[in-house]
Amino acid sequence: MNGDPLSHGLWEKTAPEAPPAPKLSVDVDCDIAIVGAGFTGLSAALHAAQGGATVTVLDGAEIGFGGSGRNVGLVNAGMWTMPEDLPKTLGDTYGQRLLALLGDAPRAVFELVERHKIACEIEPVGTLHCAVNRRGLAELEERERQWRARGAPVRLLDKDEAAAKIGTNAYVGALFDERAGTIQPLAYARGLARAAIAAGARVFSSSPALGCQADGDRWMLRTPRGAVRAKWVLVATNAYTVAPWAELREELTHLPYFNFATVPLDEAARRAILPGRQGCWDTRQILSSFRFDHAGRLVFGSVGALRGTGLPIHRAWARRALAKLFPRLAGIAFDGEWYGMIGMTADHLPRFHRLARNIVSFSGYNGRGIAPGTVFGRCLADLALGTIGEADLPLPVTEPKTAPLRHAAEAFYEVGAQAAHFVGARV
Ligand SMILES: Cc1cc2nc3c(=O)[nH]c(=O)nc-3n(C[C@H](O)[C@H](O)[C@H](O)COP(=O)(O)OP(=O)(O)OC[C@H]3O[C@@H](n4cnc5c(N)ncnc54)[C@H](O)[C@@H]3O)c2cc1C
């Protein structure tokens with residue numbers, strides 16, 4: 001996208017076409033303006049339009065340009081943090097509410113995909129969180145205990161069971177989460193946009209919101225060639241925020257993450273590796289992830305940015321690491337390479353902000369945005385439709401806080417990932 005072959009890689013090659021989304025070139029009046037056409041904004045648009053509101057979506061680039069079109073496609077339940085940490089950090093009311101919402105969020109995604117017949121390669125077959133050593137296994141045991149106490153269908157696999165499901169002996173165990181699965185993320189974003197448009201929403205691309213001013217009891221959003229007047233503004237720009245709400249960008253530390261997609265594997269390799277087609281990631285701090293697409297390409301990723309010296313270093317590492325994990329893939333060609341930025345918060349939990357009267361946002365998904373973005377978008381729509389109040393949301397209202405030493409931390413992640421991948425053949 002935007003002439004950058006490293007932005008969306010395989011997903012751009014294989015996603016169905018985006019629905020028409022012209023540049024905004026006139027002035028528009030509506031009930032709800034949404035800034036950002038990723039999972040959050042598009043889910044909000046779909047649900048608000050279905051609720052009877054007139055809706056206008058603006059994206060500065062294209063549908064799915066941000067994290068929504070670049071991610072691994074693991075539709076996960078919950079957050080990175082341990083389940084019991086949510087009530088500890090947010091208090092019991094919000095903690096329990098958020099856990100219930102996010103524990104069930106993959107099902108919300110899969111149901112939405114079915115209902116709107118979105119062609120996005122869904123595989124609701126679960127995910128495997130793979131333990132690389134005893135310490136990782138102990139973490140997964142604790143995670144299993146905490147989720148099972150809530151009745152979640154998760155199960156710790158021992159080394160042999162994990163080897164049979166994954167097709168490698170590299171892991172000492174894995175946590176199988178039946179609630180989760182994989183999708184083609186850009187196809188999901190484009191399908192959500194199509195469904196939102198079918199429900200009556202208007203979606204405009206190449207139409208950045210440049211400014212937002214009060215206009216009586218409404219808001220006026222200015223773009224280069226047209227304006228949108230609305231009672232509500234839902235800001236869904238998250239880690240890809242460009243003005244006017246720079247405070248959302250400044251609250252997040254950007255963690256780069258890349259993916260390489262192999263060419264389609266032959267039948268024998270597809271039977272041997274991930275025969276159940278679960279999506280995987282491991283317990284390392286500089287983690288790796290892998291999953292199949294529908295054509296049998298293995299999408300293999302880790303922390304790092306594919307720019308400057310990062311591109312050759314991470315590409316060479318991906319070849320070595322893949323061959324170590326699955327020796328039959330030694331020397332396999334890559335069919336796509338891309339990277340994006342994950343927005344991390346200090347406590348690894350997302351944020352709800354009221355940026356002004358009737359201007360609200362969810363952001364900071366910490367690499368867990370497919371299912372959360374979908375259900376948070378629905379919450380934003382419900383709030384603007386008036387079917388729920390702020391006190392019913394899954395997160396409390398907080399003020400955006402600039403992340404301390406954000407630029408230093410971002411440089412550390414990018415350079416540190418290169419150093420780790422330069423010296424290591426570790427998977
Ligand atoms: C490489 C990578 C791997 C990931 N892997 C996973 C995964 O496997 N599973 C998972 O659940 N999550 C994953 N994530 C996280 C997930 O992709 C994000 O959390 C999610 O896509 C956020 O969706 P969003 O709609 O909130 O924001 P985004 O998808 O980032 O959309 C924001 C949009 O706002 C637009 N925008 C910004 N400023 C303006 C403006 N002023 N005017 C108009 N438009 C504007 C941007 O162009 C962009 O399209 C990953 C993220 C990355 C980057």
Are [X] and [Y] packed together at the side-chain level, in the sense that at least one heavy-atom pair is separated by less than 4.5 angstrom?
X: F260; Y: L322; result: no
X: R351; Y: L395; result: no
X: T262; Y: R297; result: yes
X: P394; Y: L90; result: no
X: D293; Y: E121; result: yes
X: V55; Y: W232; result: no
X: I370; Y: L74; result: no
X: I118; Y: R194; result: no

(request) Apply side-chain contact (heavy atoms from CB on, under 4.5 Å) to the pair Y171 and L128, showing each step before the final yes or no. (result) CA-CA 11 Å; Y171 303 110; L128 295 161; over 6 Å; no

(request) Would you sort out whether H353 and S363 count as a side-chain contact (heavy atoms from CB on, under 4.5 Å), showing the intermediate values? (result) CA-CA 8 Å; H353 298 308; S363 56; 4.2 Å; yes

So if I apply the side-chain contact (heavy atoms from CB on, under 4.5 Å) rule between [X] and each of [options], which one comes out positive?
X: C280; options: T182, T127, L274, T168; result: L274
X: E410; options: L252, L405, T253; result: T253
X: Y339; options: H314, H8, R307; result: R307

(request) Please check if the distance between the ring centroids of Y188 and W11 is under 6.0 Å. (result)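 Not under 6.0 Å, so no.
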
Closest approach of [X] and [Y], non-hydrogen atoms and distance?
X: S68; Y: G38; value: OG-CA, 3.4 Å
X: I32; Y: A384; value: CD1-CB, 3.5 Å
X: K159; Y: N169; value: NZ-O, 2.8 Å
X: L10; Y: A261; value: CD2-CB, 3.8 Å
X: W147; Y: G103; value: CH2-CA, 4.2 Å
X: P16; Y: A119; value: CG-O, 3.7 Å

Is there a donor-acceptor contact under 3.5 Å from the side chain of [X] to the main chain of [Y]?
X: N238; Y: G364; value: yes
X: R97; Y: L393; value: yes
X: S7; Y: M1; value: yes
X: N366; Y: T345; value: yes
X: R291; Y: I183; value: yes
X: H47; Y: S43; value: yes
X: K165; Y: F176; value: no

Using a distance-only test with no angle check, is there a side-chain donor-acceptor pair under 3.5 angstrom linking [X] and [Y]?
X: T309; Y: Q418; answer: yes
X: H254; Y: R249; answer: yes
X: Q146; Y: E142; answer: yes

Less than 4.0 angstrom from a charged side-chain N to a carboxylate O is my criterion; do [X] and [Y] meet it?
X: E139; Y: R143; value: yes
X: E337; Y: R319; value: no
X: R155; Y: E161; value: yes

(request) Evaluate the criterion side-chain hydrogen bond (donor to acceptor under 3.5 Å, both in side chains) for residue pair S289 and Y257; output intermediate values, then yes/no. (result) CA-CA 10 Å; S289 55; Y257 200 90; 2.7 Å; yes

(message) I want to check a possible cation-pi pair here: R328 against F326, using under 6.0 Å from ring centre and within 45° of the ring axis as the test.
(response) no

(request) With side-chain contact (heavy atoms from CB on, under 4.5 Å) as the test, would you mind laying out the steps for L192 and I63 before giving the verdict? (result) CA-CA 10 Å; L192 275 179; I63 293 162; over 6 Å; no

(message) I'd like to know whether F352 forms a side-chain contact (heavy atoms from CB on, under 4.5 Å) with Y94, so could you lay out the CA-CA distance, the side-chain angles of the two residues, the decisive distance to 0.1 Å, and finally the verdict.
(response) CA-CA 12 Å; F352 170 72; Y94 284 109; over 6 Å; no

